[in-house]
Amino acid sequence: MDNMFISIVIPVYNEEQNVGILYREIVDVLGHPYDHFEIIFVNDGSTDSSFQQLMGLHRKDKRVKILNFRKNFGQSAAISAGFNFSKGEVIVTLDADLQNDPADIPQIIDKLMEGYDIVNGWRKKRKDKFFTRKIPSFLGNKLISFITKVKLHDYGCTLRGFKREVVQNLKLYGEMHRYIPAIASRIGINSIEIPVNHRERKYGHSKYGLGRTLRVILDLISIKYLLSYSHRPLQIFGSLGILMMMLGFVSGLFLIYVKYFQNQTANRPLLFFTVLAIFVGFQMITLGLLAEMLARIYHEGFNKDSYALRDRIGFSNEDIDDRP
Ligand code: UDP
Ligand code: MG
């Protein structure tokens, strides 16, 4: 296992003062016990001199590799690109801003060698702003843990280790990188959380503020949908639709009863509700069917033929159609 190849993946967005120090720290930690590794810096459209700094590192040390984005695509996209181009049997991700401590990398690798598929860092003593970062993150973590049923203290920590199989074919965008453990849980994985050091940011600025909370929540909704219903979307849309239609029918029956048996004039708002509920319900069901078709295409591939042959006679090779 000593010969295991390690890929370090680092998203970089305007971190000119940090990348050089980070490189040194990583080499000091990894250079000794593990000798082969690569450091993949993903330059996510930096507008400062980060790219020039990284080129300087690459010129001196060929273990430093750079993926240079055309523009800013976001941290998740950067991590995803790093995964795609990495060679290691294990991959460690961390922030470029020196907030994660490379000294924690060996214990992450040890846990992966013990057999865990994902090792999550937990910033137990987080050094960030209280109101704009720690509070939303505390609530966010509780919510994510409740909805995804993957129990972690800290979903937002970039310092994590992965076995190669786990990140293969993982497509990340938006704020998805924090849901990697949840997405990966679909294929059944062994994960563990370990407390890691967290340091204050000395150079440069944090790229995020409160606005991120909204994106995190929207992504949570889509993750929940993907995890629980993407195979059978009709179940969620269809149930909602049938419920709406039933409500519509009940209120419709009530209107008829009032009008013909009690001889009172119809109740306008209730009439509106009846019509609306039936229409919305119907739409939900058709939406569910559409989603179901999309899910089929997604999972089975699109069957382009609009016909099905029973036999093929007189053609070369086989007479019986043996296509799947
Ligand atoms: N980052 C990035 N693209 C972005 C925003 C951030 O690659 O659009 C990188 C950034 O350079 C850093 C990491 O993602 O290495 C975390 O960013 P930041 O420190 O701003 O987040 P915070 O620690 O405040 O959550
Ligand atoms: Mg940071």
Side-chain angles (χ1 to χ4, degrees), residues 7-26 39-54 57 64-86 91-105 120-141 144 152-160 172-180 196-219:
S7 298
I8 310 282
V9 169
I10 307 168
V12 179
Y13 182 47
N14 294 345
E15 309 282 2
E16 57 188 359
Q17 285 165 291
N18 293 315
V19 289
I21 306 175
L22 181 64
Y23 161 76
R24 230 357 324 137
E25 288 187 348
I26 293 175
I39 309 177
I40 303 178
F41 285 101
V42 187
N43 179 33
D44 183 15
S46 298
T47 50
D48 65 358
S49 73
S50 294
F51 181 65
Q52 285 71 24
Q53 304 294 328
L54 294 174
L57 297 174
V64 172
K65 298 171 186 175
I66 308 167
L67 295 170
N68 192 26
F69 279 4
R70 285 179 174 274
K71 66 178 246 307
N72 178 258
F73 286 100
Q75 193 182 350
S76 283
I79 291 172
S80 178
F83 284 158
N84 289 342
F85 288 90
S86 65
I91 297 146
V92 175
T93 54
L94 77 158
D95 281 343
D97 58 1
L98 303 172
Q99 291 200 269
N100 297 135
D101 188 348
D104 285 313
I105 297 176
N120 296 285
W122 169 19
R123 296 163 295 178
K124 212 167 176 177
K125 298 198 182 97
R126 188 168 167 180
K127 303 280 186 343
D128 275 319
K129 294 212 179 73
F130 187 72
F131 279 109
T132 51
R133 306 308 300 280
K134 286 205 208 170
I135 296 276
S137 136
F138 175 78
L139 298 174
N141 284 328
I144 297 173
L152 294 181
H153 292 91
D154 186 1
Y155 296 84
C157 180
T158 313
L159 181 54
R160 286 194 276 229
L172 305 172
Y173 38 85
E175 286 292 328
M176 294 291 183
H177 66 94
R178 73 190 57 239
Y179 300 117
I180 299 175
V196 293
N197 190 15
H198 195 241
R199 307 180 289 190
E200 226 152 309
R201 200 190 237 281
K202 277 205 216 122
Y203 310 109
H205 314 280
S206 169
K207 293 2 175 244
Y208 303 107
L210 267 180
R212 176 196 244 185
T213 316
L214 189 67
R215 280 173 294 159
V216 167
I217 290 175
L218 289 175
D219 279 349

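It should be emphasised that the depicted structure is a prediction, and the values quoted were computed from it without experimental measurement. As the structure lists them, so they are numbered: ligands from 1, and atoms in each ligand from 1.
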(message) Between Ser7 (side chain only) and Ile91 (backbone N and O only), is there a donor and an acceptor less than 3.5 Å apart?
(response) no
(request) Write down the atom of Asp44, the atom of Tyr13, and the distance for their closest heavy-atom approach. (result) O-CD1, 3.2 Å
(message) Please list the nearest protein heavy atom to atom 21 (O) of ligand 1 with its residue and the distance rounded to 0.1 Å.
(response) Tyr208 CD1, 3.3 Å
(request) Run down the list Asn43, Thr93, Asp44 and name the one with the heavy atom closest to atom 3 (N) of ligand 1. (result) Asp44
(message) Suppose I only count heavy atoms of Arg201 and a 4.0 Å limit; which atoms of ligand 1 are within that range?
(response) 18 (P), 19 (O), 20 (O)
(message) Give the atom numbers and elements of ligand 1 that come within less than 4.0 Å of a heavy atom of Arg133.
(response) 22 (P), 24 (O), 25 (O)
(message) I'd like to know if the side chain of Arg123 reaches the main chain of Lys125, judged simply by a donor and an acceptor atom lying under 3.5 Å from each other, with no hydrogens or angles considered.
(response) no
(request) Give yes or no for whether the N/O distance cutoff of 3.5 Å, strictly under, is met between Ser206 and ligand 1. (result) yes
(message) Can you report which non-hydrogen protein atom sits closest to atom 20 (O) of ligand 1, along with the distance?
(response) Lys207 N, 2.6 Å
(message) For a quick check under 3.5 Å, do Gln53 and Asp48 share a side-chain donor-acceptor pair by atom type?
(response) no
(request) Might you point out which heavy atoms bring Arg160 and Ile180 nearest each other, and give the distance in Å? (result) NH2-CD1, 4.2 Å
(message) Show me which atoms of ligand 1 lie under 4.0 Å from any heavy atom of Glu15.
(response) 10 (C), 11 (O), 12 (C), 15 (O)
(request) Would you confirm whether Asp95, through its side chain, and Leu159, through its main-chain N or O, come within 3.5 Å as a donor-acceptor pair? (result) no
(request) Could you see which bit of Asn72 sits under 4.0 Å from ligand 1, with heavy atoms only: side chain, backbone, both or neither? (result) side chain
(request) Show which atoms of ligand 1 fall inside a sub-4.0 Å distance from at least one heavy-atom site of Gly74. (result) 3 (N), 8 (O)
(request) Pick one of side chain, backbone, both or neither for how His198 approaches ligand 1, counting any non-hydrogen atom pair under 4.0 Å. (result) neither
(request) Tell me which protein heavy atom sits closest to atom 19 (O) of ligand 1, plus the residue, atom name and distance to 0.1 Å. (result) Asp97 OD2, 2.5 Å
(message) Show me which atoms of ligand 1 lie under 4.0 Å from any heavy atom of Val12.
(response) 7 (O), 11 (O)
(message) Keeping Tyr179 on the side-chain end and Tyr155 on the backbone end, is there a donor-acceptor pair under 3.5 Å?
(response) no
(request) Kindly confirm whether the Mg ion (ligand 2) is within less than 2.8 Å of some N/O/S atom in Ser206? (result) no
(message) I'd like to know if the side chain of Lys207 reaches the main chain of His205, judged simply by a donor and an acceptor atom lying under 3.5 Å from each other, with no hydrogens or angles considered.
(response) yes
(request) Could you tell me whether ligand 1 has any atom less than 4.0 Å away from a heavy atom of Arg212? (result) yes
(request) Starting from atom 9 (C) of ligand 1, find the nearest protein heavy-atom neighbour and note its residue, name and distance. (result) Pro11 O, 3.7 Å
(message) For Gln99 and Ser206, which I'm curious about, is there any donor-acceptor pair between the side chains at under 3.5 Å?
(response) no
(request) Enumerate the atoms of ligand 1 whose separation from the nearest heavy atom of Gln99 is less than 4.0 angstrom. (result) 19 (O), 23 (O)
(request) Evaluate the side chain to side chain contact (heavy atoms under 4.5 Å, CB included) criterion for residues Leu94 and Asp104: first the C-alpha distance (whole Å), next the side-chain angles of each, then the deciding distance (0.1 Å), finally the verdict. (result) CA-CA 10 Å; Leu94 77 158; Asp104 285 313; over 6 Å; no
(request) Tell me yes or no: between the side chains of Asn43 and Asn68, is some donor less than 3.5 Å from an acceptor? (result) yes
(message) Could you check whether any side-chain N or O of Thr93 sits under 3.5 Å from a backbone N or O of Thr158, counting only pairs where one atom can act as donor and the other as acceptor?
(response) yes
(message) So for ligand 1, is Ala96 a polar contact partner (N or O within less than 3.5 Å, distance only)?
(response) yes
(message) Applying a heavy-atom cut-off of 4.0 Å, say which part of Asp95 lies close to ligand 1: side chain, backbone, both or neither.
(response) both
(message) Quick one, Glu15 and Leu22 - any side-chain contact, counting heavy atoms below 4.5 Å?
(response) no
(message) Quick check: of its N, O or S atoms, which one does Asp97 have closest to the Mg ion (ligand 2)?
(response) OD2
(message) Judged on heavy-atom distance to atom 2 (C) of ligand 1, which of Phe69, Phe41, Tyr13 sits nearest?
(response) Tyr13
(request) Using 2.8 Å as a strict upper limit, say whether an N, O or S atom of Asp128 approaches the Mg ion (ligand 2) that closely. (result) no
